[in-house]
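Note on naming: letters A, B, ... go to the chains in the order of the sequence lines (proteins, then strands), and numbering restarts at 1 for each one. Here the structure is a predicted model, which is why all the values come from computation and not from measurement. Atoms considered below: every heavy atom in the structure, side chains included; atoms not considered: hydrogens, waters and symmetry mates.
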2 protein chains.
Amino acid sequence: MYERKILPYLNCGLDLVGEVLYGKWKLRILWFISEGHKRPSELQRKIPDVSRRVLNIQLRELEEHELVKRTIYPVMPPKVEYDLTDFGETLIPVIRTIGLWGDAHEDRLRDVILKQFPDRVAMGG
Amino acid sequence: MYERKILPYLNCGLDLVGEVLYGKWKLRILWFISEGHKRPSELQRKIPDVSRRVLNIQLRELEEHELVKRTIYPVMPPKVEYDLTDFGETLIPVIRTIGLWGDAHEDRLRDVILKQFPDRVAMGG
DNA sequence: CAGCATCCGGAAAGATACTG
DNA sequence: CAGTATCTTTCCGGATGCTG
């Protein structure tokens with residue numbers, strides 16, 4: 001597990017949110033789990049660009065931040081499911097707001113992001 | 001200027017937002033600028049934990065993403081002001097939503113974040 | 001005051017191989 | 001299927017010093 005550096009700057013809600021949402025895939029992970037409990041393999045299928053290792057790390061962090069909870073079924077083969085906690089549920093409207101803005105401005109966002117990489121391809125991952 | 005790696009995964013609004021908001025201080029920078037145009041030195045006074053170099057870099061990125069615009073006054077000593085663009089303005093309600101959630105859950109957030117660092121101090125930056 | 005150049009430490013994320 | 005351990009790359013963010 002990575003250890004984030006000391007955080008003396010956490011003096012406003014914005015920074016605190018930034019802390020728990022820090023991580024390249026967390027928004028999408030939370031979003032998918034919000035659809036209903038998900039198994040790790042499902043999440044990876046939904047987010048194929050993330051490696052299993054990083055997926056696990058970010059799930060662990062979300063778990064430590066009490067946004068998701070993990071249920072382990074003692075069966076063979078192993079089965080694990082992730083759900084949102086009640087706390088995590090409260091975050092979903094926020095993520096939804098973010099996603100809606102992103103969707104509403106998708107074309108422009110793609111433009112301004114990709115103009116930095118004129119030689120690179122965006123889609124087709 | 002940093003160059004982010006190739007981005008084949010940008011296939012939903014959530015990812016796109018993550019891309020333009022990626023950066024430790026961008027939420028707060030945008031938030032402060034949304035109060036009205038700000039000079040770099042003002043921003044640094046408001047966010048003392050950020051170095052001038054990083055502040056400039058993130059301002060540049062926000063500028064490239066067309067969320068803020070920079071006005072240079074040809075005077076001596078130099079004077080520069082940052083404002084939100086119209087595009088940037090549309091993001092403010094989103095940031096506000098994020099901040100409100102963070103404020104509403106400030107205590108709990110501080111708990112879950114800091115329990116990872118039992119030996120460290122949170123405030124007083 | 002505004003901003004850039006250079007150097008640098010360390011965290012985030014990726015690749016691979018392995019265990020239960 | 002779920003998860004960890006190790007190694008490596010990328011690159012974010014910080015410190016300092018210089019220019020206009």
**Donor-acceptor pair, side chain of A/Lys79 and main chain of A/Pro77, under 3.5 angstrom** = no

Counting side-chain heavy atoms from C-beta on, which of [options] comes nearest to [X]?
{"X": "A/Trp25", "options": "C/dA2, C/dG14, D/dA2", "answer": "C/dG14"}
{"X": "B/Val80", "options": "C/dA2, C/dG14, D/dC1", "answer": "C/dA2"}
{"X": "B/Val50", "options": "D/dG14, D/dG3, C/dA2", "answer": "D/dG14"}
{"X": "A/Tyr22", "options": "D/dC12, D/dG20, D/dA2", "answer": "D/dC12"}
{"X": "A/Lys24", "options": "C/dG14, C/dG3, D/dA2", "answer": "C/dG14"}

**Request:** Please indicate whether A/Arg108 has more than 12 foreign heavy atoms, meaning atoms of other residues, nucleotides or ligands, lying under 6.0 Å from its CZ.
**Result:** yes

Without decimals, in angstroms, what is the distance between [X] [atom1] and [N] [atom2]?
{"X": "A/Met76", "N": "C/dT19", "atom1": "CE", "atom2": "P", "answer": "15 Å"}
{"X": "A/Tyr73", "N": "D/dA2", "atom1": "OH", "atom2": "P", "answer": "12 Å"}
{"X": "B/Ile57", "N": "C/dT6", "atom1": "CD1", "atom2": "C1'", "answer": "12 Å"}
{"X": "A/Ile47", "N": "C/dG14", "atom1": "CD1", "atom2": "P", "answer": "11 Å"}
{"X": "B/Leu55", "N": "C/dC1", "atom1": "CG", "atom2": "C1'", "answer": "13 Å"}
{"X": "B/Gln44", "N": "C/dG3", "atom1": "CD", "atom2": "C1'", "answer": "12 Å"}
{"X": "B/Asn56", "N": "D/dC12", "atom1": "CG", "atom2": "P", "answer": "16 Å"}
{"X": "A/Glu42", "N": "D/dA2", "atom1": "CD", "atom2": "C1'", "answer": "13 Å"}

**Most 5' of A/Gln58 and B/Arg39 on DNA chain C, judged by nearest nucleotide** = B/Arg39

**Parallel, tilted or perpendicular: rings of A/Phe87 and B/Trp101 (30°, 60°)** = parallel

Gap separating the [atom1] atom of [X] from the [atom2] atom of [Y], nearest 0.5 angstrom:
{"X": "A/Cys12", "Y": "B/Glu106", "atom1": "SG", "atom2": "CD", "value": "8.5 Å"}
{"X": "B/Asn56", "Y": "B/Arg70", "atom1": "CG", "atom2": "CZ", "value": "8.0 Å"}
{"X": "A/Leu16", "Y": "A/Leu21", "atom1": "CG", "atom2": "CG", "value": "11.5 Å"}

**Message:** Does D/dA2 have its OP1 or OP2 closer than 4.0 Å to a side-chain nitrogen or oxygen of A/Tyr82?
**Reply:** no

**Message:** Looking at A/Arg52, I'd like to know whether one of its side-chain N or O atoms comes within less than 4.0 Å of OP1 or OP2 on C/dT16.
**Reply:** no

**Complete:** With A/Lys69 as partner, the option from A/Ile33, A/Asp86, A/Leu62, A/Asp83 fulfilling side-chain contact (heavy atoms from CB on, under 4.5 Å) is A/Asp83

N/O contacts under 3.5 Å, protein versus nucleotides 15-17 of chain D?
unit_1, atom_1, unit_2, atom_2, d
D/dA15, N6, B/Arg53, NE, 3.3

**Prompt:** Hey, is B/Arg60 close enough to B/Glu63 for a salt bridge, meaning N to O under 4.0 Å?
**Reply:** yes

**Positions of residues 30-37 of chain B (non-hydrogen atom under 4.0 Å from DNA chain C), listed by number** = none

**Request:** Please tell me if the side chains of B/His65 and A/Ile113 come closer than 4.5 Å, counting only heavy atoms from C-beta onward.
**Result:** yes

